[in-house]
Engineer: 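This is the structure, below, for whatever I ask next.
FYI, side chains are in, hydrogens and waters are out, and symmetry mates aren't considered; it's all heavy atoms of this structure.
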Amino acid sequence: MASPNPQRELTLRGLLLGALITIVFTASNVYLGLRIGLTFASSIPAAVISMAVLRLMGGGTLLENNMVQSQASAAGTLSCVFATFPGLIIAGFWTHFPFWQTAGLSFAGGVLGVLFTIPLRRALVTQSSLPYPEGVAAAEILRAGADKSNQRGLQALISGGIMASVFSFCSGGLRVLADGLNLTASAGSAVFQLSAAFSPALIGAGYLVGLSGGMAMLTGCILAWGVGVPWLTSLLPNPAHLPPAQFAQDIWLHKVRFVGAGAIAIASLWTLIELMPPVLRGIRTMLQRTTGLTATTDKDLSARTMGGLMVGAMLLLAGFFAAFLAPVAHGFWPIVGVAVVFCVVFGFVMAAACGYMAGIVGSSSSPISGIIIIGAVLCALMILALEALCLTPDAMMADGQKLATAFTILLLSAITATIAISNDNLQDLKTGQLVGATPWKQEVALIAGCLVGAAVIPPVLNLLYQAYGFTGAMPRPGMDPTHALSAPQPALITLIAKGIFTHSLDWTMLCVGMGLGVGLVVLDLGLRRRGQALPPLGVAVGLYLPASVSLTLACGAILGWVLKRISRNRHATSATGQSSPEGGSTGTMLASGFIVGESLTGVLLAVLSGATGRDNAFSLAAFVPQNVPAILGTLGFGALCWAFARKTLRAP
């Protein structure tokens with residue numbers, strides 16, 4: 001039997017530190033997701049913060065730092081439920097986010113995600129050649145834990161956060177800087193529009209996404225606003241005589257966006273088809289393995305513990321589903337039972353697929369949004385099938401199918417937590433494998449992260465909703481709709497579910513999007529033969545997200561590519577020809593700081609707005625001439641990007 005690992009690993013102080021980091025990154029990811037539909041991977045920033053803090057406390061070890069980053073990473077990933085829960089408010093079923101239902105479903109789904117990845121660990125991590133880019137990067141940062149490098153990484157994170165916070169407060173709080181630029185032009189009846197957001201978070205997200213993903217999203221943006229919107233505005237009538245800019249936005253929202261949804265569904269389905277054979281081979285290998293391994297670095301949670309957690313999570317799901325339906329329907333137990341089984345079966349299949357995808361392209365680039373859309377369609381079709389079998393309560397399909405839509409979103413929320421956690425956990429387990437961590441301890445940390453993240457999510461959602469509202473769903477009259485959070489995924493999920501039940505879904509635009517998705521897949525296959533790529537899912541997401549998001553994110557990706565190219569050329573001509581680990585990570589830490597800084601400023605402004613009852617309590621816009629904020633915003637954002645480039649290139 002292997003000797004126990006002498007290093008400190010799973011500790012109380014590590015769990016407490018992980019919980020504190022969890023609160024920060026969960027709040028940041030929820031805000032960012034509702035604003036732009038994207039989140040950021042928190043493993044690397046959490047690892048750097050952990051190393052710095054534990055060193056100050058004394059006695060921090062590599063394995064203890066790994067446990068902290070695993071816990072924080074799981075909690076940050078659980079925030080992906082932002083893509084579904086707000087749909088219950090947009091659909092008019094909730095007026096706020098009930099703590100126990102929101103937290104309980106998030107936690108139960110997250111625990112299932114952890115449990116599903118445990119039997120996949122040996123097949124997809126230990127015995128696999130998958131690259132796991134983010135997991136390997138986190139392991140390298142943990143290994144390169146020298147005092148100097150850690151301090152520089154933390155300083156870069158804090159520096160980026162401060163710059164982003166100041167800019168965001170001036171634009172979103174004081175409102176002396178414009179938060180974006182919109183240009184509209186007409187050619188006959190065709191309307192063209194160019195939008196850019198002055199967002200540090202988007203620049204940081206683009207830097208982390210990389211050139212391939214950024215250019216794919218830019219391509220989608222061009223298809224949407226350079227082809228789709230002008231073409232449809234020239235063909236469709238404008239009976240309400242809306243101004244050109246508003247008419248273009250209306251066409252994008254109700255027509256072009258559904259093209260993006262159809263393309264996302266096809267691109268995600270193709271990704272799953274490509275990955276299914278190796279996933280099935282990995283599961284078959286796992287099932288053929290014998291048990292009884294006792295090495296510390298290969299020991300998972302016991303079968304009894306896993307079974308108890310599985311039963312507990314399923315009972316939690318059943319209880320919350322029943323509590324949701326009990327006040328409004330009778331005879332709901334058959335659909336509750338089927339819904340729980342659906343969560344387990346569909347969740348496990350998607351856990352394997354998402355885990356494999358994360359191993360290839362990384363957690364941040366894995367097509368979670370597309371899988372959620374597929375899940376929404378399957379959930380709605382399942383409820384329709386149960387209705388045909390007379391297994392749904394009568395109230396489920398009454399009142400314009402409002403309850404059926406709401407239950408679909410609720411069921412999908414638990415599934416979203418499951419697949420999001422599974423998408424991230426295998427990256428963390430890969431990091432643990434590389435640094436020699438004990439798997440069962442890491443799995444405990446992951447479950448702890450789910451618990452803390454689930455507790456943080458409901459109050460953050462309530463804060464953001466009360467402060468900003470969602471596009472199409474404002475908590476009180478008189479709020480400024482231009483500052484509402486776009487909540488792109490929840491809005492789309494709600495439209496799809498409601499459209500299926502009311503038979504009002506715009507299948508024409510969806511089918512056009514599906515056809516476009518097929519074309520994008522074929523184009524990508526052709527480009528791959530020439531050593532190039534245009535990710536179909538990235539193009540589809542660029543169609544689906546607002547132009548201001550896609551364009552600014554693409555600018556961040558291009559800026560990152562330019563900076564990395566300049567840095568490589570400098571090192572190639574240097575005497576040693578090698579770059580230091582800290583220099584290579586400075587841009588990543590600055591980008592993460594941009595995201596965290598803007599996100600936390602948004603959350604802080606939400607808290608202050610809730611306390612004062614006004615969403616413009618700090619606005620100085622009335623004292624500033626009309627065109628000055630746009631000029632100052634453009635100059636300020638340009639200066640911010642220049643500072644980002646300068647700090648990145650000055651790194652050793």
Side-chain angles (χ1 to χ4, degrees), residues 22-23 26-27 29-30 33-34 75 77-113 309 311-330 332-333 335-344 347 372 375-376 379-380 383 392-393 395-396 399 402-421 447 449-466 470 473 475 487 489-490 493-494 497-498:
T22 285
I23 294 171
T26 300
N29 262 336
V30 170
L34 289 173
T77 302
L78 193 66
S79 62
C80 284
V81 294
F82 79 84
T84 50
F85 275 123
L88 290 162
I89 286 181
I90 295 173
F93 200 85
W94 279 357
T95 57
H96 70 289
F97 298 95
F99 178 84
W100 289 112
Q101 281 185 304
T102 308
L105 285 171
S106 299
F107 177 66
V111 169
L112 287 179
L309 289 171
V311 171
M314 293 175 66
L315 289 176
L316 274 177
L317 290 177
F320 284 115
F321 290 159
F324 184 83
L325 294 174
V328 290
H330 300 284
F332 50 78
W333 284 111
I335 192 172
V336 167
V338 173
V340 172
V341 173
F342 184 82
C343 281
V344 173
I372 293 174
C379 288
I383 293 176
T392 57
M396 183 71 79
D399 190 25
K402 183 177 180 180
L403 179 58
T405 300
F407 188 72
T408 297
I409 297 171
L410 192 81
L411 172 59
L412 190 63
S413 297
I415 294 174
T416 299
T418 299
I419 62 178
I421 287 294
I447 293 175
C450 290
L451 179 62
V452 178
V456 173
I457 287 169
V460 172
L461 284 172
N462 276 316
L463 269 175
L464 295 176
Y465 174 58
Q466 293 298 325
F470 305 140
Q489 283 96 335
I493 294 299
T494 305
K498 188 181 296 184

Engineer: Is there a side-chain contact between Met314 and Val344 (heavy atoms, below 4.5 Å)?
Structural biologist: yes
Engineer: Which distance, rounded to the nearest 0.5 Å, do you find between the CD1 of Ile447 and the CZ of Phe107?
Structural biologist: 7.0 Å
Engineer: What are the two closest heavy atoms between Ala376 and Ile493, and how far apart are they?
Structural biologist: CB-CD1, 4.0 Å
Engineer: Applying side chain to side chain contact (heavy atoms under 4.5 Å, CB included), name anything that partners Thr494, two or more places apart in sequence or on another chain.
Structural biologist: Ile90, Ala91, Ile409, Lys498
Engineer: Parallel, tilted or perpendicular: which one describes the rings of Phe470 and Tyr465, with boundaries at 30° and 60°?
Structural biologist: tilted
Engineer: Given Phe97 and Leu88, is the side chain to side chain contact (heavy atoms under 4.5 Å, CB included) satisfied, shown in steps?
Structural biologist: CA-CA 9 Å; Phe97 298 95; Leu88 290 162; over 6 Å; no
Engineer: Which atom names give the shortest non-hydrogen contact between Pro86 and Leu34, and what distance separates them?
Structural biologist: CG-CD2, 3.7 Å
Engineer: Please give me the minimum heavy-atom distance between Ala420 and Cys80, naming the atom from each residue.
Structural biologist: CB-CB, 3.7 Å
Engineer: Is there side-chain contact between Cys379 and Ile415, with heavy atoms separated by less than 4.5 Å?
Structural biologist: yes
Engineer: Does the side chain of Phe321 reach to within under 4.5 Å of the side chain of Leu105, using non-hydrogen atoms?
Structural biologist: yes
Engineer: Check whether any side-chain heavy atom of Ile419 sits under 4.5 Å from a side-chain heavy atom of Ile372, and report yes or no.
Structural biologist: yes
Engineer: Taking the side chain as every heavy atom from C-beta outward, state whether Leu112 and Leu317 have any pair of such atoms under 4.5 Å apart.
Structural biologist: yes
Engineer: Relative to each other, are the rings of Phe407 and Phe324 parallel, tilted or perpendicular (30° and 60° limits)?
Structural biologist: tilted
Engineer: What are the two closest heavy atoms between Cys343 and Ala414, and how far apart are they?
Structural biologist: SG-CB, 4.3 Å
Engineer: Answer whether the closest heavy-atom distance between the side chains of Pro98 and Thr102 falls below 4.5 Å.
Structural biologist: yes
Engineer: On a heavy-atom basis, which atom in Val111 and which in Ala313 lie closest, and how many Å separate them?
Structural biologist: CG1-CB, 4.3 Å
Engineer: Using side-chain heavy atoms (C-beta onward) and a distance below 4.5 Å, is Thr26 in contact with Val460?
Structural biologist: no
Engineer: Verify side chain to side chain contact (heavy atoms under 4.5 Å, CB included) between Leu411 and Ile383, making sure each step is shown before the conclusion.
Structural biologist: CA-CA 11 Å; Leu411 172 59; Ile383 293 176; 5.5 Å; no
Engineer: Quick one: closest heavy-atom pair of Gln466 and Pro475, and the distance?
Structural biologist: OE1-CB, 3.8 Å
Engineer: Could you give the distance from CG (Leu78) to OG1 (Thr418), rounded to the nearest 0.5 Å?
Structural biologist: 9.5 Å
Engineer: Could you give the distance from CH2 (Trp100) to CG (Leu316), rounded to the nearest 0.5 Å?
Structural biologist: 10.5 Å
Engineer: So Ile457 and Phe82, do their side chains get closer than 4.5 Å, heavy atoms only?
Structural biologist: no
